[in-house]
Amino acid sequence: MIDAKIIRDNSTDLRQALVHRGSDSTLLDEFLVADKKWREALQMIDALKMKRNQLTPKGKPTPDQLLSLKELADSIKKEQEAVSALEETASILARQLPNIPLSDVPVGSSEDDNVVIDTIGDVPSFSFQTQSHDELGISRGILNFDQASTLTGSRFVVGHDKGAQLERALINFMLDVHTTNHGYKEVQVPVVVNSQSLFGTGQLPKFGSDLFKLEDTDYWLSPTAEVQLTNLFHDHIFQADQLPICVTAATACFRKEAGSYGKDVRGIIRQHQFNKVELVHIVHPEESHQELLKLRQHAESILKLLKLPYRVVELCTADLGFSSAKTFDLEVWFPSQNVYREISSCSNFLDFQSRRSMIRYKQENGAKVNYVHTLNGSGLAVGRTLAAILENYQQEDGSIIVPDVLKNYVRFDSL
RNA sequence: GGAGAGUUGGCAGAGUGGUCGAAUGCGGCGGUCUUGAAAACCGUUGUGGGAGCAAUCUCACCAGGGGUUCGAAUCCCUUACUCUCCGCCA
(Lines give C-alpha, C1' and ligand atoms only; values in the text may rest on other atoms or scores of the structure.)
Protein backbone atom coordinates (compact mmCIF):
# COMPACT_ATOMS: atom_id res chain seq x y z
CA MET A 1 0.00 0.00 0.00
CA ILE A 2 1.32 3.40 -0.87
CA ASP A 3 0.97 6.20 1.66
CA ALA A 4 -2.07 8.33 0.72
CA LYS A 5 0.01 11.47 1.28
CA ILE A 6 2.60 10.23 -1.19
CA ILE A 7 -0.11 9.48 -3.73
CA ARG A 8 -1.52 13.00 -3.39
CA ASP A 9 1.84 14.76 -3.51
CA ASN A 10 3.42 12.69 -6.28
CA SER A 11 0.51 11.84 -8.52
CA THR A 12 2.48 12.75 -11.67
CA ASP A 13 5.39 10.44 -10.87
CA LEU A 14 2.96 7.76 -9.84
CA ARG A 15 1.02 7.95 -13.05
CA GLN A 16 4.31 7.53 -14.93
CA ALA A 17 5.20 4.53 -12.75
CA LEU A 18 1.85 2.91 -13.47
CA VAL A 19 2.36 3.41 -17.19
CA HIS A 20 5.80 1.78 -16.92
CA ARG A 21 4.25 -1.15 -15.14
CA GLY A 22 1.61 -1.41 -17.82
CA SER A 23 -1.09 -0.89 -15.18
CA ASP A 24 -4.22 1.14 -15.52
CA SER A 25 -3.81 4.69 -14.25
CA THR A 26 -7.54 5.38 -14.13
CA LEU A 27 -7.41 3.70 -10.73
CA LEU A 28 -5.17 6.51 -9.59
CA ASP A 29 -7.44 9.21 -10.99
CA GLU A 30 -10.45 7.65 -9.33
CA PHE A 31 -8.56 7.55 -6.07
CA LEU A 32 -7.59 11.22 -6.25
CA VAL A 33 -11.22 12.23 -6.77
CA ALA A 34 -12.55 10.00 -4.01
CA ASP A 35 -9.79 11.07 -1.65
CA LYS A 36 -10.55 14.74 -2.17
CA LYS A 37 -14.24 14.22 -1.55
CA TRP A 38 -13.49 12.18 1.55
CA ARG A 39 -11.21 14.81 3.06
CA GLU A 40 -13.79 17.52 2.50
CA ALA A 41 -16.51 15.45 4.14
CA LEU A 42 -14.14 14.55 6.95
CA GLN A 43 -13.52 18.18 7.77
CA MET A 44 -17.24 18.79 7.90
CA ILE A 45 -17.98 15.96 10.25
CA ASP A 46 -14.98 16.75 12.44
CA ALA A 47 -16.39 20.25 12.90
CA LEU A 48 -19.76 18.79 13.89
CA LYS A 49 -18.13 16.44 16.36
CA MET A 50 -16.13 19.26 17.86
CA LYS A 51 -19.34 21.18 18.37
CA ARG A 52 -20.94 18.19 20.05
CA ASN A 53 -17.96 17.69 22.34
CA GLN A 54 -18.05 21.34 23.33
CA LEU A 55 -21.77 21.33 23.98
CA THR A 56 -21.78 18.13 26.01
CA PRO A 57 -21.97 19.08 29.70
CA LYS A 58 -20.06 17.30 32.45
CA GLY A 59 -23.13 15.89 34.13
CA LYS A 60 -26.76 15.49 33.08
CA PRO A 61 -27.76 17.89 30.29
CA THR A 62 -30.68 20.28 30.73
CA PRO A 63 -33.77 19.67 28.55
CA ASP A 64 -32.67 22.58 26.32
CA GLN A 65 -29.20 21.16 25.85
CA LEU A 66 -30.63 17.73 25.26
CA LEU A 67 -32.72 19.04 22.41
CA SER A 68 -29.82 20.63 20.52
CA LEU A 69 -27.56 17.66 21.25
CA LYS A 70 -30.13 15.32 19.79
CA GLU A 71 -30.30 17.39 16.65
CA LEU A 72 -26.55 17.39 16.40
CA ALA A 73 -26.41 13.64 16.91
CA ASP A 74 -28.84 13.20 14.03
CA SER A 75 -26.79 15.22 11.58
CA ILE A 76 -23.57 13.52 12.68
CA LYS A 77 -25.13 10.13 12.09
CA LYS A 78 -26.27 11.09 8.63
CA GLU A 79 -22.96 12.67 7.71
CA GLN A 80 -21.02 9.73 9.12
CA GLU A 81 -22.57 7.36 6.62
CA ALA A 82 -21.43 9.54 3.75
CA VAL A 83 -17.92 9.89 5.15
CA SER A 84 -17.56 6.16 5.75
CA ALA A 85 -18.73 5.37 2.23
CA LEU A 86 -16.25 7.83 0.72
CA GLU A 87 -13.43 6.52 2.87
CA GLU A 88 -14.22 2.96 1.85
CA THR A 89 -14.24 3.90 -1.82
CA ALA A 90 -10.90 5.67 -1.58
CA SER A 91 -9.26 2.90 0.40
CA ILE A 92 -10.49 0.14 -1.91
CA LEU A 93 -8.84 2.03 -4.76
CA ALA A 94 -5.62 2.70 -2.82
CA ARG A 95 -5.26 -0.93 -1.87
CA GLN A 96 -5.27 -1.92 -5.51
CA LEU A 97 -2.43 0.38 -6.51
CA PRO A 98 0.80 -1.58 -7.02
CA ASN A 99 4.12 -0.52 -5.53
CA ILE A 100 6.20 2.13 -7.31
CA PRO A 101 9.30 0.67 -9.00
CA LEU A 102 12.60 2.09 -7.77
CA SER A 103 14.10 4.63 -10.15
CA ASP A 104 16.93 2.31 -11.24
CA VAL A 105 14.57 -0.46 -12.36
CA PRO A 106 14.79 -0.90 -16.14
CA VAL A 107 11.71 0.35 -17.93
CA GLY A 108 10.14 -2.24 -20.18
CA SER A 109 6.89 -3.38 -21.70
CA SER A 110 7.15 -7.16 -21.22
CA GLU A 111 9.35 -9.85 -19.73
CA ASP A 112 11.46 -9.64 -22.88
CA ASP A 113 12.83 -6.39 -21.51
CA ASN A 114 14.20 -7.99 -18.35
CA VAL A 115 17.94 -7.48 -18.05
CA VAL A 116 20.42 -10.30 -17.57
CA ILE A 117 22.84 -9.09 -14.89
CA ASP A 118 25.12 -12.06 -14.57
CA THR A 119 25.56 -15.62 -15.82
CA ILE A 120 27.29 -18.06 -13.50
CA GLY A 121 28.54 -21.59 -14.06
CA ASP A 122 29.16 -23.45 -17.27
CA VAL A 123 26.23 -24.94 -19.07
CA PRO A 124 26.99 -28.67 -19.25
CA SER A 125 27.50 -30.19 -22.66
CA PHE A 126 26.23 -33.69 -23.08
CA SER A 127 27.58 -36.26 -25.51
CA PHE A 128 24.22 -38.01 -25.53
CA GLN A 129 20.57 -37.14 -26.01
CA THR A 130 19.42 -35.53 -22.72
CA GLN A 131 16.15 -36.43 -21.04
CA SER A 132 13.77 -34.08 -19.29
CA HIS A 133 13.51 -34.28 -15.51
CA ASP A 134 10.07 -35.88 -15.67
CA GLU A 135 11.26 -38.56 -18.09
CA LEU A 136 14.20 -39.25 -15.81
CA GLY A 137 12.02 -39.16 -12.71
CA ILE A 138 9.51 -41.62 -14.11
CA SER A 139 12.10 -44.04 -15.53
CA ARG A 140 14.06 -44.00 -12.26
CA GLY A 141 10.86 -44.65 -10.33
CA ILE A 142 11.20 -41.57 -8.17
CA LEU A 143 8.41 -39.39 -9.58
CA ASN A 144 4.89 -40.75 -10.02
CA PHE A 145 2.36 -38.48 -11.65
CA ASP A 146 -0.28 -41.17 -12.19
CA GLN A 147 -0.59 -41.86 -8.49
CA ALA A 148 -0.87 -38.16 -7.75
CA SER A 149 -3.62 -37.62 -10.29
CA THR A 150 -5.56 -40.53 -8.82
CA LEU A 151 -5.02 -39.30 -5.29
CA THR A 152 -5.73 -35.67 -6.04
CA GLY A 153 -5.59 -34.41 -9.61
CA SER A 154 -3.33 -32.85 -12.18
CA ARG A 155 -0.32 -30.74 -11.21
CA PHE A 156 0.50 -32.89 -8.19
CA VAL A 157 3.26 -35.44 -7.83
CA VAL A 158 4.24 -38.34 -5.60
CA GLY A 159 7.95 -38.76 -4.85
CA HIS A 160 9.42 -42.17 -4.19
CA ASP A 161 12.52 -43.66 -2.62
CA LYS A 162 15.70 -41.78 -3.44
CA GLY A 163 13.70 -38.97 -5.04
CA ALA A 164 11.73 -38.41 -1.85
CA GLN A 165 14.94 -38.58 0.18
CA LEU A 166 16.73 -36.15 -2.09
CA GLU A 167 13.89 -33.66 -1.73
CA ARG A 168 14.10 -33.98 2.07
CA ALA A 169 17.89 -33.64 1.89
CA LEU A 170 17.59 -30.49 -0.18
CA ILE A 171 15.32 -28.89 2.42
CA ASN A 172 17.75 -29.71 5.21
CA PHE A 173 20.73 -28.58 3.18
CA MET A 174 19.18 -25.22 2.30
CA LEU A 175 18.01 -24.53 5.85
CA ASP A 176 21.41 -25.51 7.23
CA VAL A 177 23.25 -23.17 4.88
CA HIS A 178 20.97 -20.25 5.71
CA THR A 179 20.93 -20.75 9.47
CA THR A 180 24.62 -21.65 9.83
CA ASN A 181 26.33 -19.53 7.16
CA HIS A 182 23.93 -16.63 6.77
CA GLY A 183 22.57 -16.16 10.29
CA TYR A 184 18.89 -16.80 9.65
CA LYS A 185 16.54 -17.88 12.39
CA GLU A 186 14.56 -20.95 11.37
CA VAL A 187 10.83 -21.05 12.09
CA GLN A 188 8.04 -23.57 11.68
CA VAL A 189 4.85 -21.93 10.51
CA PRO A 190 1.29 -22.96 9.61
CA VAL A 191 0.61 -23.36 5.90
CA VAL A 192 -2.96 -22.16 6.47
CA VAL A 193 -3.28 -18.38 6.78
CA ASN A 194 -6.10 -15.86 7.17
CA SER A 195 -7.20 -13.00 4.89
CA GLN A 196 -5.48 -10.32 6.93
CA SER A 197 -2.11 -11.99 6.45
CA LEU A 198 -2.65 -12.31 2.71
CA PHE A 199 -3.65 -8.66 2.57
CA GLY A 200 -0.51 -7.74 4.50
CA THR A 201 1.85 -9.10 1.88
CA GLY A 202 -0.31 -8.01 -1.06
CA GLN A 203 -1.86 -11.26 -2.34
CA LEU A 204 -5.29 -9.90 -1.41
CA PRO A 205 -7.50 -8.27 -2.45
CA LYS A 206 -6.38 -8.53 -6.08
CA PHE A 207 -5.09 -12.08 -6.43
CA GLY A 208 -7.52 -14.23 -4.49
CA SER A 209 -8.30 -16.26 -7.59
CA ASP A 210 -4.73 -17.64 -7.58
CA LEU A 211 -5.23 -19.12 -4.12
CA PHE A 212 -6.94 -22.13 -2.59
CA LYS A 213 -9.53 -21.13 -0.02
CA LEU A 214 -10.82 -23.48 2.66
CA GLU A 215 -14.58 -23.75 2.53
CA ASP A 216 -16.71 -21.95 5.16
CA THR A 217 -13.70 -20.30 6.77
CA ASP A 218 -11.50 -17.26 6.44
CA TYR A 219 -8.57 -19.63 5.89
CA TRP A 220 -6.46 -20.04 2.78
CA LEU A 221 -3.58 -22.31 1.79
CA SER A 222 -0.54 -20.08 1.70
CA PRO A 223 1.04 -19.62 -1.75
CA THR A 224 4.44 -18.76 -0.24
CA ALA A 225 5.99 -18.59 3.23
CA GLU A 226 6.62 -14.92 2.48
CA VAL A 227 3.09 -14.51 3.83
CA GLN A 228 3.76 -16.32 7.12
CA LEU A 229 7.28 -15.05 7.71
CA THR A 230 6.38 -11.41 7.07
CA ASN A 231 3.10 -11.46 8.99
CA LEU A 232 4.85 -13.06 11.95
CA PHE A 233 5.50 -9.41 12.80
CA HIS A 234 2.04 -8.04 12.04
CA ASP A 235 1.21 -5.03 14.22
CA HIS A 236 4.61 -5.16 15.88
CA ILE A 237 6.87 -2.26 16.80
CA PHE A 238 10.59 -3.11 16.87
CA GLN A 239 13.32 -1.25 18.70
CA ALA A 240 15.72 0.08 16.04
CA ASP A 241 18.59 -2.02 17.41
CA GLN A 242 16.58 -5.23 16.97
CA LEU A 243 16.82 -4.87 13.19
CA PRO A 244 17.55 -6.48 10.85
CA ILE A 245 15.48 -9.61 11.41
CA CYS A 246 16.30 -12.53 9.12
CA VAL A 247 14.02 -15.55 9.19
CA THR A 248 13.68 -18.66 7.08
CA ALA A 249 11.19 -21.49 6.82
CA ALA A 250 10.62 -24.53 4.66
CA THR A 251 6.97 -24.93 3.81
CA ALA A 252 4.64 -26.47 1.32
CA CYS A 253 3.19 -23.77 -0.95
CA PHE A 254 -0.13 -23.92 -2.76
CA ARG A 255 -1.14 -22.15 -5.94
CA LYS A 256 -4.10 -22.56 -8.23
CA GLU A 257 -2.09 -21.65 -11.30
CA ALA A 258 -5.29 -20.43 -12.86
CA GLY A 259 -4.72 -19.16 -16.35
CA SER A 260 -1.65 -21.33 -16.91
CA TYR A 261 -3.51 -24.10 -18.70
CA GLY A 262 -1.23 -25.78 -21.15
CA LYS A 263 1.89 -24.22 -19.60
CA ASP A 264 4.47 -26.60 -18.15
CA VAL A 265 1.96 -29.42 -18.01
CA ARG A 266 4.74 -31.99 -17.89
CA GLY A 267 7.06 -32.37 -14.96
CA ILE A 268 7.24 -30.66 -11.61
CA ILE A 269 8.02 -27.12 -12.70
CA ARG A 270 4.49 -25.86 -12.15
CA GLN A 271 2.60 -27.69 -9.42
CA HIS A 272 -0.37 -26.84 -7.24
CA GLN A 273 1.73 -27.87 -4.25
CA PHE A 274 5.47 -27.52 -3.89
CA ASN A 275 8.09 -27.13 -1.21
CA LYS A 276 10.04 -23.93 -0.87
CA VAL A 277 12.61 -22.54 1.51
CA GLU A 278 11.84 -18.89 1.98
CA LEU A 279 14.02 -16.03 3.23
CA VAL A 280 12.57 -12.86 4.75
CA HIS A 281 14.38 -9.74 5.96
CA ILE A 282 12.79 -7.04 8.12
CA VAL A 283 15.11 -4.04 7.96
CA HIS A 284 15.70 -0.37 8.67
CA PRO A 285 14.53 1.67 5.65
CA GLU A 286 18.05 2.89 4.91
CA GLU A 287 19.35 -0.67 4.70
CA SER A 288 16.95 -2.24 2.25
CA HIS A 289 19.01 -1.64 -0.92
CA GLN A 290 22.02 -3.34 0.63
CA GLU A 291 19.88 -6.08 2.08
CA LEU A 292 18.45 -7.01 -1.30
CA LEU A 293 21.95 -7.73 -2.57
CA LYS A 294 22.73 -9.80 0.52
CA LEU A 295 19.48 -11.71 0.19
CA ARG A 296 20.23 -12.43 -3.44
CA GLN A 297 23.70 -13.69 -2.55
CA HIS A 298 22.22 -15.99 0.06
CA ALA A 299 19.90 -17.51 -2.53
CA GLU A 300 22.69 -17.66 -5.12
CA SER A 301 24.98 -19.49 -2.71
CA ILE A 302 22.69 -22.52 -2.79
CA LEU A 303 22.96 -22.74 -6.57
CA LYS A 304 26.72 -22.28 -6.37
CA LEU A 305 27.10 -25.01 -3.74
CA LEU A 306 24.97 -27.34 -5.85
CA LYS A 307 27.08 -26.36 -8.87
CA LEU A 308 24.02 -25.60 -10.96
CA PRO A 309 24.50 -23.12 -13.82
CA TYR A 310 22.27 -20.08 -13.46
CA ARG A 311 21.83 -16.47 -14.35
CA VAL A 312 20.61 -13.39 -12.53
CA VAL A 313 17.89 -11.36 -14.19
CA GLU A 314 16.60 -7.99 -13.10
CA LEU A 315 12.89 -7.66 -13.79
CA CYS A 316 11.81 -4.66 -15.81
CA THR A 317 8.93 -2.44 -14.71
CA ALA A 318 6.37 -4.44 -16.67
CA ASP A 319 7.31 -7.78 -15.10
CA LEU A 320 7.54 -6.62 -11.49
CA GLY A 321 5.15 -8.21 -8.98
CA PHE A 322 2.34 -6.16 -7.47
CA SER A 323 4.07 -5.48 -4.13
CA SER A 324 7.64 -5.24 -5.31
CA ALA A 325 9.74 -2.13 -6.00
CA LYS A 326 12.72 -4.08 -7.33
CA THR A 327 13.19 -7.75 -8.10
CA PHE A 328 16.02 -10.06 -9.14
CA ASP A 329 15.09 -13.47 -10.44
CA LEU A 330 17.54 -16.34 -10.33
CA GLU A 331 17.10 -18.68 -13.26
CA VAL A 332 18.60 -22.16 -13.35
CA TRP A 333 19.64 -24.00 -16.48
CA PHE A 334 17.38 -26.75 -17.81
CA PRO A 335 19.30 -28.70 -20.49
CA SER A 336 16.27 -30.54 -21.85
CA GLN A 337 14.50 -27.29 -22.62
CA ASN A 338 17.68 -25.41 -23.42
CA VAL A 339 16.52 -22.49 -21.27
CA TYR A 340 17.00 -20.86 -17.92
CA ARG A 341 13.94 -21.16 -15.67
CA GLU A 342 13.07 -19.14 -12.58
CA ILE A 343 14.06 -20.85 -9.34
CA SER A 344 14.14 -17.86 -6.99
CA SER A 345 12.74 -14.36 -6.90
CA CYS A 346 14.32 -11.81 -4.57
CA SER A 347 12.44 -8.58 -3.97
CA ASN A 348 12.57 -5.35 -2.04
CA PHE A 349 9.08 -4.19 -1.07
CA LEU A 350 10.21 -1.04 0.72
CA ASP A 351 7.39 -0.08 3.13
CA PHE A 352 4.60 -1.38 0.87
CA GLN A 353 3.99 -4.53 2.90
CA SER A 354 4.85 -3.05 6.29
CA ARG A 355 2.12 -0.44 5.83
CA ARG A 356 -0.41 -3.12 5.06
CA SER A 357 0.72 -5.32 7.92
CA MET A 358 1.62 -2.49 10.34
CA ILE A 359 5.21 -3.55 10.94
CA ARG A 360 7.12 -0.66 12.42
CA TYR A 361 10.19 0.31 14.42
CA LYS A 362 10.97 2.94 17.01
CA GLN A 363 13.77 5.24 15.98
CA GLU A 364 16.99 5.38 17.97
CA ASN A 365 16.87 8.75 19.73
CA GLY A 366 13.43 10.22 19.23
CA ALA A 367 10.27 8.31 20.07
CA LYS A 368 9.26 8.43 16.40
CA VAL A 369 7.69 5.30 14.97
CA ASN A 370 8.26 4.47 11.33
CA TYR A 371 7.57 1.64 8.91
CA VAL A 372 10.27 -0.99 8.34
CA HIS A 373 11.22 -2.25 4.91
CA THR A 374 10.56 -5.88 4.05
CA LEU A 375 12.33 -8.13 1.58
CA ASN A 376 12.01 -11.74 0.61
CA GLY A 377 13.36 -14.34 -1.70
CA SER A 378 13.21 -18.04 -2.35
CA GLY A 379 16.24 -19.85 -1.11
CA LEU A 380 15.22 -21.91 -3.15
CA ALA A 381 12.14 -23.50 -4.68
CA VAL A 382 12.84 -27.11 -3.72
CA GLY A 383 10.88 -28.95 -6.43
CA ARG A 384 12.49 -26.95 -9.18
CA THR A 385 15.90 -27.50 -7.61
CA LEU A 386 15.29 -31.23 -7.64
CA ALA A 387 14.24 -31.03 -11.29
CA ALA A 388 17.36 -29.02 -12.15
CA ILE A 389 19.59 -31.55 -10.40
CA LEU A 390 17.97 -34.43 -12.29
CA GLU A 391 18.58 -32.71 -15.60
CA ASN A 392 22.04 -31.26 -15.02
CA TYR A 393 23.49 -34.30 -13.26
CA GLN A 394 22.05 -36.93 -15.60
CA GLN A 395 24.31 -39.60 -17.06
CA GLU A 396 24.16 -41.40 -20.36
CA ASP A 397 22.69 -44.52 -18.73
CA GLY A 398 19.81 -42.48 -17.28
CA SER A 399 21.22 -42.44 -13.77
CA ILE A 400 21.77 -39.24 -11.84
CA ILE A 401 24.84 -38.32 -9.79
CA VAL A 402 24.18 -36.74 -6.40
CA PRO A 403 25.80 -33.27 -6.07
CA ASP A 404 28.78 -33.39 -3.70
CA VAL A 405 27.29 -31.14 -1.03
CA LEU A 406 24.25 -33.41 -0.72
CA LYS A 407 26.25 -36.59 -0.23
CA ASN A 408 26.44 -35.89 3.51
CA TYR A 409 22.67 -35.77 3.57
CA VAL A 410 21.79 -38.97 1.72
CA ARG A 411 23.21 -42.45 1.92
CA PHE A 412 23.75 -42.87 -1.81
CA ASP A 413 25.94 -41.30 -4.51
CA SER A 414 23.65 -41.72 -7.45
CA LEU A 415 20.10 -42.54 -8.29
C1' G B 1 -18.48 -30.89 20.32
C1' G B 2 -20.62 -29.00 25.47
C1' A B 3 -20.20 -25.42 29.88
C1' G B 4 -17.93 -21.17 31.92
C1' A B 5 -14.29 -16.89 32.38
C1' G B 6 -11.56 -13.34 29.86
C1' U B 7 -9.26 -9.65 25.80
C1' U B 8 -7.50 -2.20 28.38
C1' G B 9 -1.14 1.68 26.34
C1' G B 10 5.98 -1.35 25.09
C1' C B 11 4.69 -4.91 29.37
C1' A B 12 1.84 -5.82 33.99
C1' G B 13 -2.73 -4.16 35.80
C1' A B 14 -7.18 -0.62 37.82
C1' G B 15 -11.45 1.38 35.84
C1' U B 16 -19.91 3.11 39.59
C1' G B 17 -22.81 5.27 31.31
C1' G B 18 -20.79 11.72 31.61
C1' U B 19 -14.93 15.45 34.38
C1' C B 20 -11.30 8.68 30.95
C1' G B 21 -6.66 8.78 26.14
C1' A B 22 -7.65 6.21 30.49
C1' A B 23 -5.19 5.26 37.79
C1' U B 24 -0.89 2.62 39.49
C1' G B 25 3.62 -0.25 38.81
C1' C B 26 7.55 -1.77 35.50
C1' G B 27 10.16 -0.42 31.25
C1' G B 28 11.86 3.83 27.92
C1' C B 29 13.63 8.98 27.56
C1' G B 30 15.52 13.65 30.07
C1' G B 31 17.52 15.66 34.57
C1' U B 32 19.54 16.08 39.89
C1' C B 33 23.25 13.51 42.68
C1' U B 34 28.21 10.75 41.45
C1' U B 35 35.18 10.71 39.28
C1' G B 36 31.97 7.08 36.50
C1' A B 37 28.04 3.67 37.31
C1' A B 38 24.18 1.72 40.46
C1' A B 39 20.53 3.28 43.93
C1' A B 40 17.40 7.28 45.22
C1' C B 41 14.68 11.53 43.81
C1' C B 42 12.30 14.98 40.03
C1' G B 43 10.22 15.43 35.26
C1' U B 44 8.60 13.17 30.81
C1' U B 45 6.70 9.20 27.82
C1' G B 46 0.65 5.89 23.08
C1' U B 47 -1.05 5.45 17.86
C1' G B 48 -3.54 6.93 13.54
C1' G B 49 -6.40 10.47 10.33
C1' G B 50 -7.48 15.63 8.77
C1' A B 51 -6.34 21.16 8.42
C1' G B 52 -1.93 24.49 8.47
C1' C B 53 4.54 26.99 5.77
C1' A B 54 4.70 26.48 10.94
C1' A B 55 3.59 27.08 16.11
C1' U B 56 -0.59 24.60 16.64
C1' C B 57 -5.71 23.12 16.23
C1' U B 58 -8.99 19.12 15.64
C1' C B 59 -11.18 14.10 15.18
C1' A B 60 -10.77 9.01 16.24
C1' C B 61 -8.85 4.77 18.80
C1' C B 62 -9.65 0.40 25.51
C1' A B 63 -9.59 -7.32 20.45
C1' G B 64 -12.69 -6.66 15.21
C1' G B 65 -17.63 -5.39 13.44
C1' G B 66 -22.64 -3.72 14.53
C1' G B 67 -26.35 -1.65 18.03
C1' U B 68 -28.72 1.18 22.39
C1' U B 69 -27.90 6.42 24.23
C1' C B 70 -27.72 13.46 24.00
C1' G B 71 -23.19 10.75 25.75
C1' A B 72 -20.05 3.90 25.79
C1' A B 73 -13.60 1.18 27.87
C1' U B 74 -18.25 0.55 30.84
C1' C B 75 -24.89 -1.82 28.46
C1' C B 76 -26.69 -5.27 24.20
C1' C B 77 -25.64 -8.37 19.69
C1' U B 78 -21.94 -10.67 16.78
C1' U B 79 -17.04 -12.52 15.09
C1' A B 80 -12.09 -13.75 16.32
C1' C B 81 -8.65 -15.07 19.89
C1' U B 82 -7.01 -16.65 25.04
C1' C B 83 -7.83 -19.48 29.52
C1' U B 84 -10.49 -23.35 32.77
C1' C B 85 -13.55 -27.82 33.10
C1' C B 86 -15.99 -32.08 30.45
C1' G B 87 -15.92 -35.11 25.95
C1' C B 88 -12.98 -36.75 21.75
C1' C B 89 -8.24 -37.31 19.64
C1' A B 90 -2.21 -37.89 16.84
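Residue numbers start from 1 in every chain, and the chains themselves are labelled A, B, ... in the order their sequence lines are given, proteins ahead of strands. Values below: every heavy atom of this structure, side chains too, minus hydrogens, waters and symmetry copies.
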Please report the interatomic distance SG(Cys346(A)) to CG(Leu375(A)), rounded to the nearest 0.5 Å. 9.5 Å
Integer angstrom distance from the C1' of U7(B) to that of C57(B): 34 Å
Between His133(A) and Tyr393(A), is the gap from one ring center to the other below 6.0 Å? no
Calculate the interatomic distance between Leu55(A) atom CG and U58(B) atom C1'; express it in whole Å. 16 Å
Watson-Crick or G-U wobble partner of A60(B), both distances under 3.5 Å: U47(B)
Using Watson-Crick geometry (N1-N3 plus N6-O4 or O6-N4) or G-U wobble (N1-O2, O6-N3), each under 3.5 Å, G30(B) is paired with C42(B)
Taken to the nearest whole Å, CD/Gln196(A) to C1'/G64(B) is 11 Å
Say we look at G21(B) and C61(B): how far apart would their P atoms be, to the nearest angstrom? 10 Å
Distance-only donor-acceptor check, side chains Gln353(A) and Thr374(A), under 3.5 Å: yes
Test side-chain hydrogen bond (donor to acceptor under 3.5 Å, both in side chains) on Asp176(A) and Tyr409(A); report intermediate values, then the result. CA-CA 11 Å; Asp176(A) 284 349; Tyr409(A) 287 86; 2.7 Å; yes
Any base atoms under 4.0 Å from Ile237(A), or only sugar-phosphate, or nothing? Heavy atoms, all strands. nothing
Write down the distance separating the P atoms in A63(B) and G27(B), rounded off to the nearest Å. 26 Å
What class does the angle between the rings of His284(A) and Tyr361(A) fall in, given that below 30° is parallel, 30 to 60° is tilted and above 60° is perpendicular? tilted
Could you check which nucleotide pairs with U24(B) in any of the strands shown, counting Watson-Crick or G-U wobble with both distances under 3.5 Å? A12(B)
Taking pairing as Watson-Crick or G-U wobble with both contacts under 3.5 Å, can you name the mate of C85(B), or confirm there isn't one? G2(B)
Options C70(B), G50(B), C59(B), nucleotide nearest the side-chain atoms of Met50(A): C59(B)
Tell me the partner of C53(B), counting only Watson-Crick (N1-N3 plus N6-O4 or O6-N4) or G-U wobble (N1-O2 and O6-N3) with both under 3.5 Å; none if nothing fits. none
Separation of G49(B) C1' from Leu86(A) CG (nearest whole Å): 15 Å
Identity of whatever pairs with A73(B) - Watson-Crick or G-U, under 3.5 angstrom: none
Between Leu48(A) (CG) and C59(B) (C1'), how many Å, whole number? 12 Å
With distance as the sole test, does Ser75(A) use its side chain to make a donor-acceptor pair with the main-chain N or O of Leu72(A) at under 3.5 Å? yes
Please report the distance separating the C1' of A14(B) from the corresponding atom of A80(B), rounded so that it comes out in whole Å. 26 Å
Hey, does Tyr219(A) reach any base, or is it just sugar-phosphate, or nothing, if we go heavy atoms under 4.0 Å? sugar-phosphate
If I pick the P atom on C62(B) and the same atom on A3(B), what distance separates them, to the nearest angstrom? 30 Å
Partner nucleotide, any strand, of U35(B) [Watson-Crick/G-U, under 3.5 Å]: none
Taking C59(B) as the reference, what is the distance to G52(B) when you measure between their C1' atoms (whole Å, please)? 15 Å
Phosphate contact (A60(B) OP1 or OP2) by Arg52(A) side-chain N/O below 4.0 Å: yes
Just to be sure I understand the rule, does Arg355(A) reach a base, reach only the sugar-phosphate, or reach nothing, if contact means heavy atoms closer than 4.0 Å? nothing
Between Glu40(A) and Lys37(A), is the closest basic N to carboxylate O distance under 4.0 Å? no
Would you mind pulling out the nucleotide paired to U68(B), Watson-Crick or G-U wobble, both distances under 3.5 Å? none
More 5' along RNA chain B: Ala73(A) or Ala4(A), using each one's nearest nucleotide? Ala4(A)
Expressed in angstrom and rounded to an integer, what is the separation of Asp46(A) atom CG from C59(B) atom P? 7 Å
Taking only side-chain nitrogens and oxygens of Asn194(A), does any of them come within less than 4.0 Å of OP1 or OP2 of A80(B)? no
Would you say a side-chain N or O of Lys77(A) is under 4.0 Å from OP1 or OP2 of G66(B)? no
Within less than 4.0 Å of OP1 or OP2 of G71(B), is there a side-chain N or O belonging to Asn53(A)? no
For Asp3(A) and for Ile45(A), find the nucleotide of RNA chain B with the closest heavy atom, then tell me which residue's nucleotide is more 5'. Asp3(A)
Establish, with yes or no, whether the OP1 or OP2 oxygen of U58(B) is under 4.0 angstrom from a side-chain nitrogen or oxygen of Arg39(A). no
With rounding to the closest Å, how many angstrom separate the P atoms on G1(B) and G71(B)? 39 Å
Whether Arg360(A) contacts G48(B) is assessed here as follows: a side-chain N or O lying under 4.0 Å from the phosphate OP1 or OP2. Is that the case? yes
Only one of Arg296(A), His373(A), His281(A) clears side-chain hydrogen bond (donor to acceptor under 3.5 Å, both in side chains) with Glu291(A); which? His281(A)
Atom pair distance, as rounded to whole Å: CD in Glu71(A) and C1' in U69(B): 17 Å
Write down the distance between NZ (Lys49(A)) and P (A72(B)), rounded to a whole number of angstrom. 11 Å
Can you check the Met44(A) CE to G50(B) C1' distance for me, whole Å? 14 Å
Taking C33(B) as the reference, what is the distance to A39(B) when you measure between their C1' atoms (whole Å, please)? 11 Å
